[in-house]
Amino acid sequence: MLFCTAFSLTPREENTLRRSDFESYTGFLMTEAAKQTPMMRQYMRFKAEYPDTVLFFHLGDFYETFFEDAELAARELDIVLTSRNGYPMAGVPVRRGEAYIHQLLKRGHKVAVCQQVEDPKKAKGLVKRDVVRVVTPGTAIEDSVLEEGINNYLCAVDVPEEGARRGIAFLDLSTGEFSTTIAVGEEQLSDELARRAPSEILIADTASAMAGGALDDLLVTRIPGATFVADVFPSAVLGAIEETGLRAAGAILAYVERTQKSVLAHIRPLESYSLSDQMDLDPFTVTSLELVKPLREGQERGTLLHTLDWTGTSMGRRRLRRMILAPLTDRTAIEERLDAVACLVEEARGRQELRERIGAIHDVERLLGKLGAGRMRPIDLLLLLRSLEPVREIGRLIEDLVGDRPAARLAAIAEGLSDPELQSLADAFSGMLVDQPPPEARDGGIIRAGYNEELDGLRRETTSIRGQLATMEQEEREKTGIPSLKIGFNRVFGYYLEVTRTHLDKVPEAYHRRQTLANAERFVTEELKAFEERIANGEERAKALELELFEAALERLREAIPSLQRLADALGELDVLLSLAENAHRSGYVRPTFTETHEIAIREGRHPVVERIEEFVPNDLILDEEKDLVILTGPNMAGKSVYLRQVAAICLMAQIGSFVPASEARLPIVDRVFARVGASDMLSAGISTFMMEMLEVAAILERATTRSLIILDEMGRGTSTFDGVSIAWAVAKELASRIRAKTLFATHYQELTRLVDEIPNAVNLHVAVKEVGRDVVFLHRVEPGTAAGSYGVHVARLAGLPDRVTEVADRILAELLAEAPLSQLGGQTPTAEPLQLFGAEEHPVVVELRKLDPNRITPLEALQILADLRSRLD
Ligand code: ADP
Ligand code: MG
C-alpha cells in the first residue's frame with residue numbers, strides 16, 4: 001500500500017571523508033587500478049555509489065572484494081588475501097556467498113552484491129553488472145542472521161530543526177512490523193532506542209550530530225536528508241500521524257527500496273503508538289531489574305523474561321519480550337489481558353489443549369516476511385501451510401473455553417482465527433507438498449501425488465516409459481544372447497547398455513561405444529536415445545509444472561498476506577496469554593487488583609526469579625496513602641536488594657497483564673519505574689563511579705512523578721560515608737516531600753533511619769537477622785523499625801574469612817566502638833541525638849576501615865590490611 005519514489009544517490013560528505021582516509025596508499029592504488037582496466041573502472045563506479053558497504057563483485061565463480069574491502073573480508077571471514085596487479089583482493093565462491101554475507105552482517109557490516117546481469121559468454125566486451133541488493137544488519141531477513149526470539153529492528157530518527165519532538169520509526173523487515181512514535185527530548189529518545197535495540201539506525205546526512213549519547217553503540221547509517229519525507233504515504237495516513245513520525249517512516253521505506261530493490265509486500269501499514277501508553281523504563285532500570293538480560297553474562301535463567309516464558313512459538317516469544325519492555329499504563333488494557341489470563345488459568349484442560357496445538361505452529365510472521373521478500377523455499381511453504389491446519393480447531397477451543405466469561409482479548413483472537421480466507425487457503429493447499437521437500441523448488445519432487453492431475457499424468461508417463469525400458473532390456477538380452485546385458489543411467493552419458501568384457505564379441509553393429517570400464521563397455525543405440533529424450537522431456541515438463549504450481553501457491557498466499565498477518569498476530573497474542581497463564585498456575589501467582597489511590601498492599605510477595613532458585617521467605621509491603629518512602633536497613637546479605645527488586649517486579653508484571661507472585665496484591669498503576677542498584681552490585685557492569693550515580697539521581701529527580709515507583713539500592717555507596725549519607729538524605733527528602741513518588745530506599749547507613757523524624761511520610765523497615773552465639777542467621781524477613789547492627793564481621797566469617805582474622809576484627813571493632821562517638825561510626829545503635837554529618841574529624845584508622853568493602857577482598861588481603869591498621873593504631 002505504500003510507495004515511495006526512488007532517489008538517486010549522490011556521493012555524500014562521508015564518502016569524501018572516507019576517501020581521504022585512504023587518499024595515501026589505497027587511494028593511489030585505486031587510481032592506478034582504474035587506469036589499468038575497464039573492469040576496475042566499473043568496480044570503482046559501484047564502490048563510489050555504495051561506499052559504506054563491502055562490495056561483493058561477481059567475477060566468474062567468485063565474489064571478489066578489493067582494496068580495503070579485501071583486507072576487511074580477509075580479516076572477518078578468515079579467507080586468503082591475495083593481490084591482483086599489485087592491489088589487494090580476496091574472494092569467496094559465489095555458491096557459498098550467502099554464508100559469507102551473513103557472517104559479515106553479524107559483525108555489523110553491510111554488503112552490496114554486485115552481480116553479473118548478463119551471460120559473460122554472450123557479453124560483448126565488459127560484462128554488464130549491477131548491484132542487485134544491499135544487505136545490512138537492519139534489513140536482514142535470513143534465519144541464520146536473526147535471533148528467533150528477538151525482533152530485528154531498522155530504525156530511523158527524524159531530527160527537525162526546531163523543537164524537541166522527534167519522529168522515530170521502526171521496521172522489522174523479517175516480520176513486517178512497521179510503527180512510528182514521537183519522542184519528546186533526548187531521554188525519551190534514548191530510552192525507546194535502548195528498549196528496541198535496533199540493529200541499524202538511519203539518520204539524515206543533513207542532521208546535526210545528536211547529543212546525549214542516544215546513538216552510542218548503535219550502527220548508524222547516514223542517508224540523504226531528502227528521503228525523510230512524509231508525502232509517500234496516502235492522504236488518510238498523512239492526516240492521522242504527526243509529520244516528523246511520517247518522515248522517519250518515509251526514510252525507512254526509501255532505504256528498504258534502495259537496499260532490497262523493491263518495496264516488499266509484507267511491510268504492514270504504518271502504525272502509530274504513543275510512548276505515554278506504556279510504562280517508561282530507562283536502560284538502567286531494564287538492566288538493574290534483569291528484565292531480558294542478566295547482569296552477569298551466561299545467567300539467562302536469571303531474567304524475568306526467562307521466568308515468564310512458557311511460550312510455544314517464536315512469535316509468542318518475541319511478543320512477550322516486547323511486552324516486558326513496554327508494560328501498559330492504561331487500566332482497561334491491563335484488565336483485558338488479566339481477564340484473558342484469568343480465564344486460561346481457570347480452564348486447565350482447555351489451556352493444555354491450546355498449548356499443544358500452539359506448539360505445532362511455526363513462525364508465521366517470519367515466513368510471511370520471506371513470502372513478501374520473494375525468498376520462500378518449499379520447506380517454508382510447507383511450514384506455513386502446516387501452521388494453517390490447526391487454526392480452525394484452535395478457534396473452536398477458545399470459544400468453548402471462554403463460554404460467557406468477559407474475555408475481550410480471547411474473543412478478538414478467536415475472531416482473527418475465524419477469517420474464512422484462512423480456511424480456504426488451508427483447504428486449497430492441504431496435501432500439496434511432500435513431507436521432506438528438496439531445498440529448491442526448481443529441483444522438482446516437491447509436490448505430492450494426487451494434488452494435480454496433469455502432474456500425475458506426466459509422472460505416470462515417465463514411469464511407463466521406464467517400464468518400457470525394462471522390456472527393452474529383456475528383448476536386447478534375447479536378441480544378442482548376452483544374459484548379463486543391462487540398461488543403466490549416469491549423469492554424464494545418460495542411458496546406456498552395459499556389456500561385460502566376456503561378451504563383447506556378441507555386440508551388434510547398431511551399438512555405439514560410449515564408455516570403457518575395467519571389465520565392461522557401455523553403448524547406446526538410436527532406440528535408447530529416443531527413450532532418453534522422452535523421459536527427459538517428461539521430467540522437464542513435470543518439473544516445470546511443479547514450479548508453476550509452487551509459484552501459483554505463493555502468488556495466492558501473497559494476496560492473502562494481510563489476513564495471514566492478522567492470523568500471526570492472533571496466534572502470537574494467544575501464545576503469550578497462554579504462557580502467562582501457565583506460569584501463573586505453575587508458580588502460584590494471584591491476579592493483582594489496581595487502586596485509584598496511591599496505596600500499595602502486597603501480601604506474601606516473592607521475587608519471581610529468586611523463588612525459583614531457593615527456598616523463599618515471602619514478605620509484605622503495605623504502604624497507605626500517607627506513606628511514600630521506605631528506608632530499608634539490614635546487614636549485608638540480609639535480603640534488601642531482593643526485597644526491593646521483588647516490589648518492582650510485581651508492579652511491572654501486573655502492568656504487563658501477568659499474575660504476580662504474592663498471596664494478594666493491590667497496586668497503583670505506575671507511570672514509570674526507576675530502579676538503581678548500588679555501586680557494588682553494578683561493578684560487574686563496569687559502572688561504579690560516583691559521578692555516574694549522581695547523574696542518574698539527577699535524571700530521576702527530574703523525571704519522577706507522584707505516580708512513579710523508585711527503587712534506590714545502596715545509593716551513595718560510591719563515595720565516602722559523609723558524602724554518601726548526606727546526599728542520600730537530601731535525595732530521599734526531595735523524593736518523599738516534593739515529588740511524593742513511592743520510593744524504596746535500601747541502605748546500610750543507619751543514619752538514614754532518622755529521616756522518619758523529619759519526614760512524616762517515611763517509614764523504617766529492616767530485614768531481620770537472628771544472632772546465634774557468634775553467628776548470624778539470616779531470616780530474610782522484612783519487619784517494621786530499624787536493624788540493631790550491621791554484622792559486617794559476622795558476614796566476613798560466613799564468607800569464609802579465617803577465625804584468626806575475624807577475631808582480630810571483632811576486637812578492633814569493639815575498641816573502635818569504645819573510642820569513637822557513635823554518630824561517626826554509622827550509628828551502631830539508633831540514638832536520639834541530632835545527626836552529625838559534618839562533625840569532628842575521624843580517626844585515620846576508621847577512615848581506612850570505611851573504604852574497605854569486605855566483599856571485595858581476599859582473606860590474605862584482609863590479614864595484610866589488619867596488620868597495617870593495627871600498626872597505625874600503635
Ligand atoms: P542485601 O542486598 O541485603 O545485601 P540480597 O538482597 O542481595 O542482600 O540477598 C542476599 C541473598 O539472600 C540472596 O542472594 C538470596 O539468596 C537470599 N535471599 C534474599 N531474600 C530472600 C528471601 N526473601 N527468601 C530467601 N532467600 C533470600
Ligand atoms: Mg544489596
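Ligands are counted one by one from 1 in listed order, and the atoms in each one are counted from 1 as well. Any value given below was found using the heavy atoms of this structure, including those in side chains, with hydrogens, waters and symmetry copies removed. Predicted model only: the values in this text are computed from it and were never measured.
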Fill in: Counterpart residues, side chain to side chain contact (heavy atoms under 4.5 Å, CB included), relative to Glu147 (two or more places apart)
Ile150
Worksheet item: Got more than 12 heavy atoms from elsewhere within 6.0 Å of CZ, Arg301?
Response: no
Worksheet item: Would you say Pro635 contacts ligand 1, with heavy atoms under 4.0 Å as the rule?
Response: yes
Worksheet item: Considering only heavy atoms of Ser641, which atoms of ligand 1 have at least one such atom less than 4.0 Å away?
Response: 1 (P), 2 (O), 6 (O), 7 (O)
Discussion item. If I apply the N/O under 3.5 Å rule, does Val642 come out as touching ligand 1?
Written reply: yes
Item to complete: Give a yes or no on this: more than 12 heavy atoms of other residues, nucleotides or ligands lie within 6.0 Å of atom NZ of Lys293.
Response: no
Item to complete: Return yes when at least one N/O/S atom of Asn636 is nearer than 2.8 Å to the Mg ion (ligand 2), and no when none is.
Response: no
Discussion item. Any heavy atom of Ala638 closer to ligand 1 than 4.0 angstrom?
Written reply: yes
Discussion item. Any nitrogen or oxygen of Val610, side chain or backbone, less than 3.5 Å from one on ligand 1?
Written reply: no
Discussion item. Polar contacts were defined as any N/O atom of the residue lying under 3.5 Å from an N/O atom of the ligand; does this apply to Tyr643 and ligand 1?
Written reply: no
Practice prompt. Answer yes or no: is there a side-chain heavy-atom contact under 4.5 Å between Leu644 and Val630?
Written response: no
Fill in: Per-atom contacts, ligand 1 versus Glu614 - under 4.0 Å to a heavy atom
15 (C), 16 (O)
Practice prompt. Examine the proximity of ligand 1 to Glu615 and report which part, side chain or backbone, both or neither, has a heavy atom under 4.0 Å away.
Written response: backbone
Fill in: Any donor-acceptor N or O pair under 3.5 Å, side chains Asn764, Thr786
no
Practice prompt. Using heavy-atom distances, let me know which of Gln646, Glu714, His780, Met637 sits nearest atom 27 (C) of ligand 1.
Written response: His780
Item to complete: Decide, yes or no, whether a salt bridge links Arg703 with Asp671 under the criterion of side-chain N to carboxylate O below 4.0 Å.
Response: no
Worksheet item: Can Arg318 and Asp575 be counted as an ion pair, charged N to O under 4.0 angstrom?
Response: no
